[in-house]
Amino acid sequence: MCGRYRLSRRKQIIEEHFETADWQEDWSPRYNIAPTQSVPTIRQHPKEPVRELSLMRWGLIPSWAKDTSGAARMINARSETAHALPAFREAMKLRRCLVPADGFYEWQRRGSAKQPFCFEVGDGGLFAFAGLWDRWKDPSGQWVKSCSILTTIPNSLTSAIHDRMPVILQPDSYDLWLDPGMTNTQVITELLKPYNARLMRCCPVSSRVNHVENDDVECSRPVEVSKTQDSLFA
DNA sequence: CCAGACGTTGTT
DNA sequence: GTCTGG
DNA sequence: CCAGACGTTGTT
DNA sequence: GTCTGG
């Protein structure tokens, strides 16, 4: 799954990489993005051929939710079932987005031991998670946009650490994934595959990343693991 | 008909 | 909102 | 995802 | 253990 990630590139770099329209919001590099926080997402404008960046709360709040209490459990949606579930079904058909990132964290557990790893694509550059979004009217009448990151079975790199991984889209499938006119969920679901392990890398990182208040480059800096911890790789 | 649920992951 | 259970 | 909190009633 | 906050 994916419960913590990194987006450390500057706004202009994100705009250029994903070929979006200019964005009014600010974005400061983040190394430890946590559920319920505000994150950039990319959507296709429904009428004009333009991709737009938009801040959303991470943890999808369905339009019919009474409150936000369940949102933290909706940070991920299983790609195998999302098309059929009440909370995600309509979003899968009509409200897909990209969630830009340049790293994500997974924790490997062995009994009580817990070791975080940082995963990257290529040399640590930008990539996009497949995302779903919805909007919910809060008690004051304000619309709150929120999003979820799809998950799938792990590839050979991530399976050593965890039994799920986030869906990372190939750049050549961005257009189809984002196309609001594509409502054939069967076609859409074809895109939700484990990313090529040979194009990814990972390494153990400091448990600093465990604490959400730590949000700096140290969170994804590789660390040595001790001999005893080394068995975590086994 | 109304009432109530609607989710993921991990752990075992 | 939609779907299920009673 | 992890970290951290987690509580009622009655009596004085 | 479960639930909330970030």
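What's counted below: heavy atoms across the whole structure, side chains too, no hydrogens, waters or symmetry copies. So that the names make sense, note that chain A is the first sequence line, chain B the second, and so on, each numbered from 1.
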Can you tell me how far [atom2] of [N] sits from [atom1] of [X], to the nearest Å?
{"X": "A:Arg30", "N": "E:dG6", "atom1": "CZ", "atom2": "P", "value": "13 Å"}
{"X": "A:Leu150", "N": "B:dT9", "atom1": "CG", "atom2": "C1'", "value": "15 Å"}
{"X": "A:Asn32", "N": "D:dC1", "atom1": "CG", "atom2": "P", "value": "14 Å"}
{"X": "A:Asn214", "N": "D:dA3", "atom1": "CG", "atom2": "C1'", "value": "12 Å"}
{"X": "A:Tyr5", "N": "D:dC2", "atom1": "OH", "atom2": "C1'", "value": "17 Å"}
{"X": "A:Met165", "N": "D:dC1", "atom1": "CE", "atom2": "P", "value": "16 Å"}
{"X": "A:Trp107", "N": "D:dA3", "atom1": "CH2", "atom2": "C1'", "value": "11 Å"}
{"X": "A:Asn76", "N": "D:dC2", "atom1": "CG", "atom2": "P", "value": "12 Å"}

When you measure from the side-chain N and O atoms of [X] to the phosphate of [N], is any distance below 4.0 Å, counting only OP1 and OP2?
{"X": "A:Arg78", "N": "B:dT9", "result": "yes"}
{"X": "A:Arg89", "N": "B:dC6", "result": "no"}
{"X": "A:Ser63", "N": "B:dC6", "result": "no"}
{"X": "A:Thr151", "N": "B:dT9", "result": "yes"}

Next on the checklist: Is the ring pair A:Trp107/A:Tyr105 parallel, tilted or perpendicular, if the boundaries are 30 and 60 degrees?
Outcome noted: tilted
Checklist entry - In terms of the angle between their ring planes, are A:Phe119 and A:Phe104 parallel, tilted or perpendicular, with boundaries placed at 30° and 60°? => result parallel
[atom1]-based separation of [M] from [N] [nearest Å]:
{"N": "B:dC6", "M": "E:dG6", "atom1": "C1'", "answer": "24 Å"}
{"N": "D:dT8", "M": "B:dC1", "atom1": "C1'", "answer": "40 Å"}
{"N": "E:dT2", "M": "B:dT12", "atom1": "P", "answer": "13 Å"}
{"N": "D:dG7", "M": "B:dC2", "atom1": "C1'", "answer": "35 Å"}
{"N": "B:dA5", "M": "E:dT4", "atom1": "P", "answer": "15 Å"}

Next on the checklist: Less than 6.0 angstrom separating the ring centers of A:Tyr5 and A:Trp58, yes or no?
Outcome noted: yes
Checklist outcome for this item: For DNA chain D, the expected dot-bracket line (Watson-Crick or G-U under 3.5 Å, [ ] crossing, | inter-strand) is ||||||......
Checklist entry - If Ile, Leu, Val, Met, Phe, Trp and Tyr residues are connected whenever their side-chain heavy atoms lie under 4.5 Å apart, and connections chain through other members, are A:Tyr31 and A:Trp27 in the same group? => result no
Can you tell me which nucleotide in [options] comes closest to the side chain of [X]?
{"X": "A:Asn210", "options": "C:dG1, E:dG6, D:dA3", "value": "D:dA3"}
{"X": "A:Trp64", "options": "D:dC1, C:dG1, B:dT8", "value": "C:dG1"}
{"X": "A:Thr81", "options": "B:dC6, B:dT8, D:dG4", "value": "B:dT8"}
{"X": "A:Lys66", "options": "E:dG6, B:dC6, B:dT8", "value": "B:dC6"}
{"X": "A:Lys114", "options": "B:dT8, C:dG1, D:dC2", "value": "D:dC2"}

For [X], answer base if it contacts any base atom (sugar-phosphate contacts may also be present), sugar-phosphate if it contacts only those atoms, and nothing otherwise; contact means non-hydrogen atoms under 4.0 Å.
{"X": "A:Ala65", "answer": "nothing"}
{"X": "A:Phe88", "answer": "sugar-phosphate"}
{"X": "A:Ser79", "answer": "nothing"}
{"X": "A:Leu85", "answer": "sugar-phosphate"}
{"X": "A:Ala87", "answer": "sugar-phosphate"}

Checklist entry - Looking at OG of A:Ser148 and CE of A:Met92, how far apart are the two atoms once the value is rounded to the nearest 0.5 Å? => result 9.5 Å
Checklist entry - Do A:Arg51 and A:Asp175 have side-chain heavy atoms sitting under 4.5 Å apart? => result yes
Item to check | Salt bridge present between A:Glu90 and A:Lys93 (N-O < 4.0 angstrom) | outcome: no
Checklist entry - Considering all heavy atoms of both residues, which atom of A:Val167 and which atom of A:Leu192 are nearest to each other, and what is their separation? => result CG1-CD2, 3.8 Å
Next on the checklist: Restricting to salt bridge (charged side-chain N to carboxylate O under 4.0 Å, His left out), what partner residues turn up for A:Arg164, sequence neighbours left out?
Outcome noted: A:Glu80
